[in-house]
Q: 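Take this structure first; my questions come after.
This one's a predicted model, so the numbers in the text were calculated from it and none came from an experiment.
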Amino acid sequence: MQLTLGPEECDLAYWITSVAQGTLKDRGVTGHHIDATVPDFLKEPGPLRDALILEFGYRGVSEEIATRLLAPYVELAPGIPEMEFYATQLLDEARHARVFRNHLVELGMPADTLLRDIEELAADYRRRVLQPVEDFTLDIVRDRKDFAGGVAVFAIVIEGVLAPAAELSERKWSPLSHATSEISRGTSIDEIRHLTVASTILKEHLAAHPESRDRIVEIIQAGVKLWDEVPDREFVIPREKLFQEGMEAHADRIGDYEIWPGVRMLDTTPDQRYDMAERWTEQMAEVRMAYMGLPPELLGGAETAP
């Protein structure tokens with residue numbers, strides 16, 4: 001939450017050396033180290049495998065949409081540093097979608113029908129949760145051609161939700177599948193970089209163009225209100241209930257592992273895990289708002305006056 005990075009630091013050269021040749025070394029194909037394997041019990045039919053298929057299936061679709069949304073950001077970028085950064089973010093999101101999809105093949109889903117199977121699996125989630133966010137974002141960056149407004153949406157709304165969710169996923173799967181946990185860790189590292197750089201871009205924009213503050217605040221509040229209204233919980237809780245059932249069946253593999261300090265994962269419930277991710281999301285947004293020079297209380301709702 002305290003990390004500070006700008007587009008000049010996270011340019012194309014940084015991405016090639018620190019990400020492609022650094023974080024992703026020996027992980028480029030699957031998202032996890034070539035020596036990390038998927039445990040056999042996750043390949044067997046059951047609630048744990050079903051939970052992972054739903055989680056990575058939904059996340060794969062989310063990342064695919066994020067990839068497509070980023071094309072206008074590259075086009076509208078006001079300078080070379082911003083253009084290079086968003087070009088690398090586009091690649092990151094495409095990679096995330098790919099490794100989530102391919103992990104499902106590692107679980108035993110057929111590769112030749114994978115895209116169709118994921119489309120069918122996530123059709124309702126895409127329509128009811130992702131489509132409203134996609135439409136909202138495209139209205140700002142494609143139709144209005146508002147680069148700073150688009151950065152605000154990704155910094156506070158989209159990446160602000162994805163980063164905590166990726167961290168929770170990493171923590172959940174860590175004692176069960178090193179390969180699965182590594183995939184989520186890799187995506188979490190990327191999401192935090194995206195969020196941090198976007199916050200710096202927006203901070204600098206607001207400092208240079210204070211007259212745009214009210215417009216940016218309005219966009220952020222509308223985005224937060226939208227995310228509060230989409231039925232994300234309706235899709236996450238059933239998946240977490242499957243994870244709960246599978247977790248309890250494999251309690252011996254988990255033992256006293258703590259999902260966060262002082263709390264054993266075996267003692268948590270689906271609602272507690274979801275609520276913790278929500279809390280992390282809110283904390284992340286509040287810290288980033290303060291960093292950009294905007295009062296965090298503006299996140300309280302679209303009706304709050306700037």
Side-chain angles (χ1 to χ4, degrees), residues 23-24 26-27 29-63 92 95-109 114 118 121-122 125 161-192 232 235-281:
T23 308
L24 297 181
D26 297 325
R27 295 173 174 84
V29 176
T30 61
H32 58 75
H33 195 274
I34 54 177
D35 293 335
T37 58
V38 179
D40 289 338
F41 69 85
L42 263 185
K43 301 176 184 178
E44 299 169 358
L48 205 56
R49 179 176 182 270
D50 291 343
L52 184 50
I53 287 174
L54 284 174
E55 180 178 334
F56 274 26
Y58 288 173
R59 291 180 73 188
V61 172
S62 300
E63 300 285 3
D92 284 334
R95 185 190 72 83
H96 297 171
R98 180 182 181 85
V99 297
F100 287 141
R101 290 194 306 265
N102 289 349
H103 198 51
L104 301 186
V105 177
E106 292 185 289
L107 297 179
M109 288 186 67
L114 183 67
I118 292 176
L121 173 78
Y125 179 74
V161 171
L162 290 179
E167 180 170 348
L168 179 63
S169 179
E170 177 193 347
R171 295 187 186 204
K172 275 172 45 186
W173 293 106
S174 183
L176 293 163
S177 170
H178 188 57
T180 306
S181 179
E182 272 203 17
I183 292 172
S184 281
R185 176 170 175 74
T187 61
S188 182
I189 290 170
D190 290 340
E191 306 297 7
I192 291 169
D232 179 64
F235 291 89
V236 174
I237 294 298
R239 181 182 80 208
E240 287 298 324
K241 288 181 177 178
L242 286 170
F243 179 83
Q244 189 82 15
E245 185 181 345
M247 174 181 72
E248 291 169 357
H250 294 277
D252 58 320
R253 303 178 189 275
I254 298 170
D256 291 330
Y257 168 79
E258 295 184 353
I259 190 168
W260 49 80
V263 179
R264 295 195 323 155
M265 187 161 78
L266 286 172
D267 295 332
T268 63
T269 67
D271 287 302
Q272 286 174 328
R273 293 190 296 273
Y274 181 93
D275 291 342
M276 180 56 77
E278 286 260 286
R279 196 169 309 135
W280 288 340
T281 297

Q: State, yes or no, whether a side-chain contact exists between Val61 and Ile118 at a heavy-atom distance under 4.5 Å.
A: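 In short, these two side chains touch, coming nearer than 4.5 Å.
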Q: Between atom OG of Ser177 and atom NZ of Lys172, what is the distance when rounded to the nearest 0.5 Å?
A: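 Taking OG in Ser177 and NZ in Lys172, the distance rounds to 12.5 Å.
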Q: To the closest 0.5 Å, what do you measure between OG (Ser188) and CG (Leu168)?
A: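 Answer rounded to 0.5 Å: 10.5 Å.
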Q: So do Asp271 and Ile237 actually touch side chain to side chain, heavy atoms under 4.5 Å?
A: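 Ile237 vs Asp271: side chains touch.
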Q: Got Asp232 and Tyr125 here, is their nearest side-chain heavy-atom distance under 4.5 Å?
A: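 Result yes, sub-4.5 Å side-chain heavy-atom pair found.
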Q: Which pair of non-hydrogen atoms, one from Arg264 and one from Gly255, has the smallest distance, and what is that distance?
A: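 Shortest heavy-atom contact: NH1-O, 3.7 Å.
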Q: Return yes if some donor-acceptor pair links the side-chain N/O of Glu106 with the main-chain N/O of Lys43 below 3.5 Å, else return no.
A: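 Checked: no pair found.
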Q: As a quick check of understanding, evaluate side chain to side chain contact (heavy atoms under 4.5 Å, CB included) for Leu176 and Phe41, giving each step before the final call.
A: CA-CA 9 Å; Leu176 293 163; Phe41 69 85; 4.3 Å; yes
Q: Can you confirm whether more than 12 heavy atoms, excluding those of His250, are under 6.0 Å from its NE2 atom?
A: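 Yes.
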Q: Please check: side-chain N/O of Arg49 versus main-chain N/O of Leu107, any donor-acceptor pairing under 3.5 Å?
A: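 A pair under 3.5 Å: yes.
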Q: Do Val99 and His103 come within less than 4.5 Å of each other through their side chains, counting heavy atoms only?
A: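 The answer is no; the side chains never approach within 4.5 Å.
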Q: Please enumerate all residues that pass side-chain hydrogen bond (donor to acceptor under 3.5 Å, both in side chains) together with His33, with sequence neighbours excluded.
A: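 If we apply the side-chain hydrogen bond (donor to acceptor under 3.5 Å, both in side chains) test to His33, skipping adjacent residues, there are no hits.
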Q: Just wondering, do Glu55 and Phe243 contact through their side chains at under 4.5 Å, heavy atoms?
A: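 No, side chains not in contact.
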Q: Between atom CE of Met247 and atom NZ of Lys241, what is the distance when rounded to the nearest 0.5 Å?
A: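 Reported value, rounded in 0.5 Å steps: 13.5 Å.
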Q: Which residue is it: Gln272, Arg273, Met276? I am looking for the one with a side-chain contact (heavy atoms from CB on, under 4.5 Å) to Ile259.
A: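 Answer after filtering Gln272, Arg273, Met276: Arg273.
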Q: Using 0.5 Å steps for rounding, measure from the CD1 atom of Ile254 to the CG atom of Leu266.
A: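 So the gap between those two atoms works out to 4.5 Å.
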Q: Roughly how far, to the nearest 0.5 Å, is the NE2 atom of His32 from the OG1 atom of Thr37?
A: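 That separation rounds to 8.0 Å.
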Q: Can you tell me how far apart CD (Glu245) and CG (Asp50) are? Round to the nearest 0.5 Å.
A: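 Nearest 0.5 Å value for the CD-CG distance: 9.0 Å.
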Q: If the threshold is 4.0 Å, N to carboxylate O, is there a salt bridge linking Arg59 and Glu63?
A: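 Result for this pair is no, no salt bridge flagged.
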Q: Counting only heavy atoms not in Arg98 (residues, nucleotides, ligands), do more than 12 fall under 6.0 Å from its CZ?
A: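 Count not over threshold, so no.
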Q: When you compare the side chain of Trp173 with that of Arg185, does any pair of heavy atoms fall below 4.5 Å?
A: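 Result no, sub-4.5 Å side-chain heavy-atom pair not found.
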Q: Is it the case that the side chain of Ser174 and the backbone of Arg171 share a donor-acceptor pair, with hydrogens and angles ignored and the cut-off at 3.5 Å?
A: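 Between the backbone of Arg171 and the side chain of Ser174 there is no qualifying donor-acceptor contact (under 3.5 Å).
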Q: Which atoms form the tightest heavy-atom contact between Gln244 and Thr268, and what is the distance?
A: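 Smallest heavy-atom distance, with atoms named: NE2-O, 2.9 Å.
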Q: Within a strict 4.5 Å, meaning less than it, do heavy atoms of the Phe100 and Thr187 side chains meet?
A: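 Yes. Closest side-chain heavy atoms under 4.5 Å.
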Q: In the structure I gave you, are the side-chain heavy atoms of Arg239 and Tyr274 within less than 4.5 Å of one another anywhere?
A: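 No, their side chains stay 4.5 Å or more apart.
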Q: Kindly say whether Ser181 contributes a backbone atom to a donor-acceptor pair with the side chain of Ser184 at under 3.5 angstrom?
A: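 Checking the backbone N and O of Ser181 against the side chain of Ser184, no donor-acceptor pair under 3.5 Å is found.
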Q: Can you list everything that forms a side chain to side chain contact (heavy atoms under 4.5 Å, CB included) with Leu24? Sequence neighbours excluded, please.
A: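 Leu24 satisfies side chain to side chain contact (heavy atoms under 4.5 Å, CB included) with Val19, Arg95 only.
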